[in-house]
Amino acid sequence: MTPLSRHIWEGAKKSVLKITGMSFKYGKVEVLHGISINAEKGKITSLIGANGAGKTTTMKAIMGLMPISGGTIEWDGTTLSGKDPSDVAKCGVALCPEGRQLFPNMSVYENLLMGAYTRKDKEEIKETIESVYQWFPRLVDRRNQMAGTLSGGEQEMLAISRALMSKPSLMLMDEPSWGLAPILVEEVGEIIKSINAQGTTVLLVEQNAQMALDLADYVYVLETGKIVLEGAGAEVSANEEIQQAYLGV
Amino acid sequence: MSTMVLQQVINGIVTGGLYTLIAMGLSQIFGVLGISHFAHGSVVIIAGYLGYTFTRVLGWALFPSVILSIICCTVVGLLMERFAYRPMMTKPQINIFILALGMLFIVDNLAEMIWGPDPLAIQAASNVPIHIGPAVLTTFRLAVVLINFAVLFGLWGLMKFTKLGRSIRAMAQNREAAKILGVNLNQTSALVFGIGSALAGLCGIFYTSMIQIVPSSGGTLVLKGFAVMILVGLGNIPGTIVGGLIMGLVESLGATFISEAFKDSYGFLVLILAMLFKPDGLFNRKTQIKY
């Protein structure tokens, strides 16, 4: 694949999530080969790529779930690489993980409380729960129901809500469209837009390239552990090879 | 005849509470960490032997001796978690299994070296008989039952309503998600071991006070605890209370009406039956802590 004109993105200067030359090894096998990603504050940045390209690994590495073997991760001037997930969470980063990862035998309400684990302000946590309920009215009726008994769509809403409970300034979203009916995929897209509209920076990982390209201000294409292409959403969408490889045009 | 039944039911309830105490720690530890903590029996006898040493050998007052024994055995439980199990967590399950059994035997032998093979007991604080119809219960035994219930009720509240309890359950249900949300897994593991070991310590003190302790008591008790755990499923506090009572009742009734010689086997009969009817019980991690 020929790279697009690798113009210097004007946002790079004010970028707040700055991943530089990040490598990651599973045992002895390197699966991320020095990738660099910048996500601009208040924007949606998408990372697309096929299965096994290293998208989820990238997200987990940012969150501190997997120690990287090279490079640095910086968020808002703070170095995240080498930190524990609990410390990364305290820096305002939240991960809405692939496959939702809810606590199946805890109620909707308890799942939300767990989302606010790093916060200490009890009253404000209650307020956040109320505002989350306003965003996702369907969760209100289900508040005392076990998360494992929710429908797929409701579970995704809960996973997103739980991540929002920490009031993150950077939201990492890993495959939010996973296993959802097309109509719900659209709804999730709208939700991501509104989260972003409230000022949260979003890094979105998707196999559903159409959704990722539609939402994103800036897009990175990851192939077998390397960034092979990057550019503004519209620019990448217009690329013929991207259309063939990811959009099935 | 009916007097004897009533008496044995009362005895069964009292000893059943002890099985509940030990099973509770086991099921929390297994449910959250997947560790088959056989050395939990060692924690029980360490508390019992220390309680004996403090009260009978050193002649200290009962209450501070009990508290100190429980603190000491809790520290032992925490050390086992930190230095024996934690380094093994990434290794195959069988390693932990063998390690746990090994620690049980080591403590069993050490206890025999230090305290000898003969049964020892702590003199109970007050042994005023209370008559319930034709049957008899001592004040001490009544206190044991009441303390057990209070402790278990407290634990239930802790697990259900506090942030700490929620984080323990969260870790049992999805470790990685708990980690993402900021739960410190090592700290939580230590807490689970701490709580479980303190309950085991209480069990050891009660056991040594009401019955008698020998070095092999740890193994016998921990197996009964596991039997209760399998019988009722993981981390189910009300269920564990019921399971402990069933175990206690089966034993005391069996000992009276079948044969005293097989007292310890009746519980295992329950275990075998439980395995037959719940074949996916023991090492099935799908069972999760829920309240």
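Each chain gets a letter, A, B and so on, in the order its sequence line appears, and its residues count up from 1.
Of the atoms belonging to A:Met63, it is side-chain heavy atoms, and not backbone ones, that fall under 4.5 Å from chain B. In this structure, chain B has no heavy atom under 4.5 Å from any part of A:Lys90.
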Quick one: side chains of residues 182-203 of chain B, donor-acceptor pairs under 3.5 Å with protein atoms, not counting sequence neighbours, listed by atom name and distance.
| from | atom 1 | to | atom 2 | distance (Å) |
| --- | --- | --- | --- | --- |
| B:Asn184 | OD1 | B:Asn186 | N | 3.2 |
| B:Asn184 | OD1 | B:Gln187 | N | 3.2 |
| B:Thr188 | OG1 | B:Asn184 | O | 2.8 |
| B:Ser189 | OG | B:Leu185 | O | 2.7 |
| B:Ser197 | OG | B:Phe193 | O | 2.6 |

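Within a 6.0 Å sphere centred on NZ of A:Lys25, other residues, nucleotides and ligands contribute 12 heavy atoms or fewer. Within a 6.0 Å sphere centred on OH of A:Tyr109, heavy atoms belonging to other residues, nucleotides or ligands number 12 at most.
Rounded to the nearest 0.5 Å, atoms CG (A:Leu95) and CD (B:Glu176) are 8.0 Å apart. Here the NZ atom belonging to B:Lys179 is positioned 7.5 Å from the CG atom belonging to A:Asp84, to the nearest 0.5 angstrom.
Looking at A:Gln101 and B:Asn174, their side chains do bring a donor and an acceptor atom within 3.5 Å of each other.
Residues of residues 152-176 of chain A placed with any heavy atom under 4.5 Å of a heavy atom in chain B are listed by number as A:Arg162.
The shortest non-hydrogen separation linking B:Leu181 to A:Phe103 is CD1-CE1, 3.7 Å. Nearest heavy-atom pair, B:Arg169 versus A:Glu110, reported as atom, atom and distance to 0.1 Å: NH2-OE2, 2.8 Å. Among all heavy-atom pairs drawn from B:Ile180 and A:Leu65, the shortest one is CG1-CD1, 3.6 Å.
Residues passing the side-chain hydrogen bond (donor to acceptor under 3.5 Å, both in side chains) test with A:Lys55, sequence neighbours excluded: none. Looking at residues two or more places apart in sequence or on another chain, you find a side-chain hydrogen bond (donor to acceptor under 3.5 Å, both in side chains) between A:Glu30 and A:His33.
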